[in-house]
Amino acid sequence: MKVIVATNNQTASRHVATMITNQLSRKPNSAFLLPTGSTPLKLYQLLQEKVGSGKTSFSLIKTFNLDEYLGLSPENPQSYHRFMWDNFFSHIDIKRSNVKIPSGNPKNAASYCKKYEQTIDKAKVDLAILGLGTNGHIGFNEPGTDPDSITHIADLTPSTIKANARFFKSKKEVPTQAITVGLKTILKSKKIIVMAFGKSKAQAVHDTLEKTPSPKTPASVLQKHKNITFVLDQAAASKLTKTSFYPPVLSGIRLYSKLNLPTNKKIVFFSPHPDDAAISAGALLNSLSANNEVYELIVTTGHRAVINGGTTQNRIKIREKEVQKESFLLGTKCITLRCHFYDNNQNLPEKDLKKIRSLMKKIKPNIAFVPHKLDPHPTHATTRTMALAALPHHTSLWSFETPWSLFSHKKFNAAFEFSDKLMKTKLRSIRCHKSQLARTSFDQAALSIASFRRITLAEQLFSELGKQSLETKPYLELFNISEW
Ligand code: F6R
């Protein structure tokens, strides 16, 4: 079970749109189960845009809708038939004969349900997209529904009638029964995506994901499905306490925010010089340190960069004192390594490697930050070589950029978005390195890069995402993660 949390409905829907187009490129004649309601509206709009710009095609797919109100004709403005045609099908290249929506007026309900179930069974649904009711329903499988249910007539609960009254002139007009696929029908889908947005869904999301499965929350049966992804916005995820979150992925870029960072991990940051960590990733490190054990490994003393610092020993003292202060501010644990290659023309002696290897054995990191592959600065390049030679193979590698060597186009796959407030902390951490600011305004450089990254990533994604490109916080730090 994977839980993706995005800052808002828009970004979350984009993630789902990409999952759907990926499914279509793998299998253009896929079969889908589809929902109605307010949750998928943005998704349907994004998919229309993708079809409009020729990025995907629905011409070969088959769709089955989850449900329909009993007693409403297909022309009725509140019917799910009308909803689907008005909001989606009329705007994409789907074949009318490939669309199946349960009838709201079947002649013989029992035999109609049986037939609908058989047609779905035959098509073998590749991907089911679901919304979640505030009472934990999926489709119209209301609380109390048998987990083994197949397509059936359901009595709507007072809470669903109340929730859906917003689409009708009055509560009295809301039908009291519906035809819906069953929980078993949904579970037979090869892959499932559940979307939930807004505070009103937070309790249902919590009960679905973190409580023992029970008919009180019909969606909790989904816990046993082998290939299921929940895609939530921040508000819907707000009551989850045990679940790990993953970031949404937009055009191949993982969009991290404070919401969806790794937790309970051991993290090492190989900082070639004492100030590289703060400049390249001060905002991310500060956020990670809240829920992880983060070590800043200060690889070299960087003493050559102190002007008017007196003896070498004195300059080392100045830089190490500065980084201790900075690391305290960021909430990391600082280890100064004083590697010899710095004063050895970048030749890596065995004693440096031995030291790092034994440290890695002790820490056993899950994530390691290293300078990126093409960073030409000699101390950065040697730091990377040394780190890769010492790290256990299963470590997830997060390469970072520095002002001396920014990532070139598409050489990164992750972005951490952050606020003005966090930028202030980052700047304070950089300003702990007074000896360096005396030479160069690294604080200004870091501020400009983070803002430049926000602007240019939006532009990069614009060509792929279209109109409303990217809505993030004002700053980004970029990374290239070499495994998921
Ligand atoms: C409708 C359906 C329902 C809705 C759920 C959430 O086809 O399957 O389960 O997904 O009631 O509705 P909204 O999205 O309007 O909050």
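Side-chain atoms are counted along with the backbone in the values below, which use heavy atoms only and exclude waters and symmetry mates. In each ligand, atom 1 is the first atom listed, and ligand 1 is the first ligand listed.
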(message) Once you measure the plane-to-plane angle for Phe369 and Phe269, does it fall in the parallel (<30°), tilted (30-60°) or perpendicular (>60°) bin?
(response) parallel
(request) Please list, by chain and number, the protein residues whose heavy atoms come under 4.0 Å of ligand 1. (result) Pro35, Thr36, Gly37, Ser38, Thr39, Leu66, Asp67, Tyr80, Gly131, Leu132, Gly133, His137, Ile138, Gly139, Arg166, Lys201
(request) Check the pair Ser280, Glu401 against side-chain hydrogen bond (donor to acceptor under 3.5 Å, both in side chains), reporting the backbone distance first and the verdict last. (result) CA-CA 6 Å; Ser280 298; Glu401 62 177 352; over 6 Å; no
(message) Applying side-chain hydrogen bond (donor to acceptor under 3.5 Å, both in side chains) to Glu293 and Tyr295, what does each step give before you reach the verdict?
(response) CA-CA 7 Å; Glu293 214 170 299; Tyr295 295 85; 2.6 Å; yes
(request) Could you tell me whether the side chains of Thr36 and Asn65 share a donor-acceptor contact shorter than 3.5 Å? (result) no
(request) Could you pull out all residues at least two apart from Asp155 that satisfy side-chain contact (heavy atoms from CB on, under 4.5 Å)? (result) Gln177
(message) Ring of Tyr246, cation from Lys2 - is the NZ or CZ under 6.0 Å from the centre and inside 45° of the axis?
(response) yes
